[in-house]
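Right, one structure below, let's go through it.
Read the numbers this way: they start at 1 and go in the same order the structure lists the ligands and their atoms.
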Amino acid sequence: MTNRILDVKHLKIDFHTYGGDVKAIRDVSFHLDPGETLAIVGESGSGKSVTTRSVIGLLAKNAQVMGGEINFHGQNLLQLKEKQWQKIRGNEIAMIFQDPMTSLDPTMKIGQQIAEPLIKHRGTSKKEAWVKALEMMRAVGIPHPEERINEYPHQFSGGMRQRIVIAIALICEPEILLADEPTTALDVTVQAEILDLMKDLQKRVKTSIIFITHDLGVVAGMADRVAVMYAGELMEYGTVDDIFYNPQHPYTWGLINSMPTLHLGTD
Ligand SMILES: Nc1ncnc2c1ncn2[C@@H]1O[C@H](COP(=O)(O)OP(=O)(O)OP(=O)(O)O)[C@@H](O)[C@H]1O
Ligand SMILES: [Mg+2]
């Protein structure tokens, strides 16, 4: 029995809208052990992003938590005030979004953006944080970091920007990294490189990852366990082998059968 770092129990989230209340998350429970990767899969609108955002305290204003707990080292994150969240977000729990441009500041040098979490959370001096930012740029595979550290986001390609976002997310060595479809905006070769990079850094930084994807091929390569969401509920929850070889729910069957790699032998 390992010590869980995250334990989500019976989470329920509604959204208030003009059309009435939407039950987006209906009694979802899952956990995360140190160093493991949990993949969340499921169709569009099934609640993957809302679930993940709740773990980092970034729910929309019209969201209301109707019940449940999100325990992080035994502390229920749902009870935190914004001030307390600011100590955890980007420090112990970090997030990578799908589109790197939304999380990068176009007016700031990337060196500053990578160094900032260290200065904010760790009280690292500017000079030392700059050195660490350079190291991190090397670790995420940005060529010529000494020159590029002074450049701005628009000077980088999409894949390089996502590497920068990963550098920012991992610089404080968070215990949990949330990745909401971090590679879907990238072309296939770059996708594969970024996934390899994430796996590599996960070992170094010893972070646990919640990885959202539509792609079961990515799940097979990245995850230890899988949660399949459908209409705000967890349809299936188990190891990658459980889900691939013994899916219980017709929805999961459909998902597995629509994987291109599984058609290769039969077409
Ligand atoms: N701010 C909001 N107001 C109202 N409803 C919302 C809001 N945010 C999300 N929802 C609803 O909550 C449900 C879950 O949304 P969520 O973004 O988690 O889906 P998802 O699984 O991440 O989908 P996708 O794969 O398209 O990213 C959807 O029905 C969505 O319409
Ligand atoms: Mg989403």
Exercise for review: Using a cut-off of 2.8 Å, find all protein N, O or S atoms closer to the Mg ion (ligand 2) than that distance.
Suggested key: Ser49 OG
Practice item. Kindly determine whether Asp7 and His31 satisfy side-chain hydrogen bond (donor to acceptor under 3.5 Å, both in side chains), including the steps that lead there. Key: CA-CA 4 Å; Asp7 202 359; His31 70 271; 5.2 Å; no
Practice item. Show the numbers, then the answer: is there a side-chain hydrogen bond (donor to acceptor under 3.5 Å, both in side chains) between Gln162 and Thr183? Key: CA-CA 8 Å; Gln162 200 58 307; Thr183 60; over 6 Å; no
Point to revise | First-shell residues of ligand 1 [heavy atom, distance under 4.0 Å] | key: Phe15, Thr17, Ala24, Glu43, Ser44, Gly45, Ser46, Gly47, Lys48, Ser49, Val50, Ala60, Asn62, Glu181, His214
**Study point:** Donor-acceptor under 3.5 Å (Arg89 side chain, Gly57 main chain)
**Key:** yes
Practice item. Would you mind listing every ring-ring contact (aromatic ring centres under 6.0 Å, His included) that reaches into residues 69-110, with sequence neighbours excluded? Key: none
Practice item. Mind checking the CG-CD1 spacing from Asp105 to Ile110? Nearest 0.5 Å is all I need. Key: 12.5 Å
Review point. Which residues pass the side-chain hydrogen bond (donor to acceptor under 3.5 Å, both in side chains) test with Glu92, sequence neighbours left out?
Key: none
Practice item. Report the relative orientation of the aromatic rings in Tyr230 and Tyr251; use parallel for angles under 30°, tilted for 30 to 60°, perpendicular for over 60°. Key: tilted
Check your understanding: At what distance, to the nearest 0.5 angstrom, does CD1 of Ile176 lie from CG of Leu32?
Key -> 5.5 Å
Review point. Do you know which of Arg225, Arg4, Lys203 makes salt bridge (Lys or Arg N to Asp or Glu O under 4.0 Å) with Glu36?
Key: Arg225
